[in-house]
Number of protein chains: 2
Amino acid sequence: MTNDMEALDRSREGPDILHSAGFLLSTAGRLARERFERAIAPLGLRARHFGVLLALATHGPAPQGEVADEAWMDKSTMVAVVDDLERWGLVERRRSAQDRRMYELVINERGREKLAEALEVVARSEDEWLGPLSPEERELLRGLLARLLYAPGGLLRGREGGEE
Amino acid sequence: MTNDMEALDRSREGPDILHSAGFLLSTAGRLARERFERAIAPLGLRARHFGVLLALATHGPAPQGEVADEAWMDKSTMVAVVDDLERWGLVERRRSAQDRRMYELVINERGREKLAEALEVVARSEDEWLGPLSPEERELLRGLLARLLYAPGGLLRGREGGEE
DNA sequence: TATTGTTATACTCTATAACTATA
DNA sequence: TATAGTTATAGAGTATAACAATA
């Protein structure tokens with residue numbers, strides 16, 4: 001109890017910027033990302049692999065460059081990621097019949113199973129670090145963040161800030 | 001009934017990790033960090049310089065290694081940052097009289113002015129991308145994030161996750 | 001000539017360890 | 001011997017540009 005109060009007090013100390021939305025957001029975001037990486041590491045995956053598997057499972061087979069864009073990755077970075085996934089037997093490269101420059105990237109059954117495992121593990125991890133918030137507060141947080149990102153003038157849609 | 005609708009939506013849109021707190025948080029955090037860097041760039045500062053100036057302005061003169069810890073920086077990384085700040089005439093290295101291995105790192109008047117400029121510019125930038133949220137909602141967001149970080153079991157204090 | 005995927009390269013960031021000068 | 005700051009180095013990550021095959 002005393003510790004709780006001290007921690008909360010510490011977060012209120014000092015110049016305003018330490019409790020500014022920007023500082024809190026970027027700090028929390030970095031730590032959330034680290035938790036995510038740590039959660040899926042035992043499955044032998046990194047965040048990029050996860051992102052590609054998710055994109056393929058969600059939007060079906062797609063050319064390599066398109067998936068790279070969707071996962072906010074450069075096409076050159078993508079090569080090694082798909083190399084990994086293919087070597088691990090989770091994804092297949094199939095030359096497109098219509099345009100032989102392209103691949104159709106296909107997630108297979110093992111890939112879907114791996115993704116399902118990862119989703120479960122990540123959900124458990126989130127549930128852990130979201131502990132301080134009640135279900136209603138978590139929902140509130142998700143709503144605020146979604147608007148912050150996607151509403152006009154927000155982080156993803158303000159000026160030239162958009163990446164995708 | 002709301003739950004039925006949600007389940008239905010989820011079945012149409014695929015995995016809902018894209019609206020999970022973790023994904024939203026790490027995405028928003030990364031973008032907030034980018035906005036921050038972009039906001040202070042015209043002043044010739046990077047985030048690390050800002051962090052050091054802020055630490056020195058807040059906690060007064062301190063040895064270099066101590067400030068490094070405070071800014072979550074390695075002491076070796078810190079060297080170049082202080083080199084910059086000294087070259088720009090914002091901070092001074094003074095050998096400690098008690099222990100001549102140590103410096104006393106001191107922010108000077110120019111440093112304080114630069115920091116004040118930076119704080120103003122950053123506040124304006126935040127005000128811009130926080131546009132989608134009302135003042136009450138911003139306050140709500142800050143509170144949720146602070147608890148997420150500092151409450152027991154949260155991102156900064158769960159298990160061995162703590163860096164500081 | 002333009003585009004897909006690939007490779008090579010360079011640049012940033014950071015962490016590690018060795019070194020110096022003090023203690 | 002231990003510590004503060006420094007330097008050198010190596011690793012990860014990522015972005016850029018050149019390249020081959022195909023359109």
Side-chain angles (χ1 to χ4, degrees), chain A residues 26-27 29-31 33-34 36-38 40-41 44-52 55-56 61-87 91-106 160 162-164, chain B residues 26-27 29-31 33-34 36-38 40-41 44-52 55-56 59 61-87 91-106 160 163-164:
Chain A
S26 74
T27 303
R30 188 169 46 79
L31 294 173
R33 167 84 178 208
E34 286 174 14
F36 174 71
E37 291 272 10
R38 245 190 287 159
I40 60 174
L45 296 178
R46 303 289 309 273
R48 327 152 210 191
H49 306 117
F50 179 93
V52 170
L56 290 178
Q64 194 166 306
E66 198 172 294
V67 177
D69 287 346
E70 196 171 345
W72 292 356
M73 224 180 290
D74 192 83
K75 59 175 182 168
S76 66
T77 308
M78 183 74 173
V79 176
V81 178
V82 178
D83 284 350
D84 289 338
L85 293 170
E86 203 176 30
R87 178 158 33 88
V91 159
E92 295 167 27
R93 281 180 168 110
R94 298 186 192 154
R95 279 291 175 194
S96 161
Q98 293 87 353
D99 185 338
R100 297 192 43 72
R101 291 173 300 182
M102 285 199 278
Y103 291 124
E104 288 285 297
L105 241 46
V106 185
E160 74 334 341
E163 293 176 71
E164 194 257 347
Chain B
S26 73
T27 303
R30 187 170 46 78
L31 294 172
R33 167 85 179 206
E34 285 173 14
F36 174 71
E37 291 273 10
R38 246 190 286 160
I40 62 174
L45 297 177
R46 303 290 308 272
R48 328 153 209 191
H49 306 118
F50 180 94
V52 170
L56 289 178
H59 302 311
Q64 195 166 305
E66 199 172 294
V67 178
D69 287 346
E70 197 170 344
W72 294 356
M73 226 181 286
D74 191 83
K75 60 176 182 168
S76 66
T77 309
M78 183 74 173
V79 177
V81 178
V82 178
D83 284 349
D84 290 337
L85 293 170
E86 202 176 31
R87 178 159 31 90
V91 159
E92 295 167 28
R93 282 179 168 111
R94 297 187 192 154
R95 280 290 175 194
S96 161
Q98 294 87 353
D99 185 340
R100 297 192 43 73
R101 292 173 300 182
M102 286 199 279
Y103 291 124
E104 288 285 298
L105 241 46
V106 185
E160 79 323 349
E163 293 175 72
E164 187 259 351

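Every chain is numbered from 1, with letters handed out A, B, ... down the list of sequences.
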Q: Check A:Ala62 against A:Glu66 and note the closest heavy-atom contact, atom names and distance.
A: CB-OE2, 4.0 Å

Q: Over how many whole Å does the gap from B:Arg93 atom CZ to C:dT22 atom P extend?
A: 15 Å

Q: Can you tell me how far P of C:dA21 sits from OH of B:Tyr103, to the nearest Å?
A: 12 Å

Q: Please tell me which of the listed nucleotides, C:dT4, C:dA21, C:dT14, lies nearest to the side chain of B:Arg48?
A: C:dT14

Q: On DNA chain D, check which nucleotide each of A:Arg46 and A:Ala97 is closest to and give me the residue with the more 5' one.
A: A:Arg46

Q: What is the distance from CG of B:Asp84 to P of C:dC13, rounded to the nearest Å?
A: 11 Å

Q: Output the rounded distance in Å from CE (A:Met78) to P (C:dT3).
A: 20 Å

Q: When we call it a touch if two heavy atoms are under 4.0 Å apart, what does B:Asp74 touch: a base, just sugar-phosphate, or nothing?
A: base

Q: The side chain of A:Lys75 lies closest to which of these nucleotides: C:dA8, C:dG5, C:dT16?
A: C:dG5

Q: Who pairs with A:Glu92 by salt bridge (Lys or Arg N to Asp or Glu O under 4.0 Å), at least two apart in sequence or on another chain?
A: A:Arg94

Q: Nearest heavy atom decides the nucleotide; on that basis, is A:Arg101 or B:Ser96 closer to the 5' end of DNA chain C?
A: A:Arg101

Q: Please confirm whether any donor atom in the side chain of B:Ser76 sits under 3.5 Å from an acceptor in the base of C:dT16, or the reverse.
A: yes

Q: Just how far, in rounded Å, is P of C:dT12 from CD of B:Glu34?
A: 17 Å

Q: What is the 5' to 3' range of DNA chain D, first to last nucleotide, that sits under 4.0 Å from any heavy atom of chain A?
A: D:dG13 to D:dA23

Q: Around atom CZ of B:Arg100, are there more than 12 heavy atoms from other residues, nucleotides or ligands closer than 6.0 Å?
A: no

Q: Write down the distance between CG (A:Asp69) and P (C:dT3), rounded to a whole number of angstrom.
A: 13 Å

Q: Give a yes or no answer on whether the side chain of B:Arg95 reaches the backbone of B:Arg101 with a donor-acceptor pair at less than 3.5 Å.
A: yes

Q: Can you tell me how far C1' of C:dC13 sits from CZ of B:Arg33, to the nearest Å?
A: 11 Å

Q: After noting the C-alpha distance and the side-chain angles of B:Gln64 and B:Val67, does the key distance pass the side chain to side chain contact (heavy atoms under 4.5 Å, CB included) rule?
A: CA-CA 5 Å; B:Gln64 195 166 305; B:Val67 178; over 6 Å; no

Q: Would you name the heavy atoms of A:Leu105 and A:Met78 that are closest together and state the gap between them?
A: CD2-CE, 4.0 Å

Q: Check salt bridge (Lys or Arg N to Asp or Glu O under 4.0 Å) between A:Glu37 and all other residues, then give those that pass, not counting sequence neighbours.
A: A:Arg33, A:Arg46

Q: Over how many whole Å does the gap from A:Leu105 atom CG to C:dT4 atom P extend?
A: 14 Å

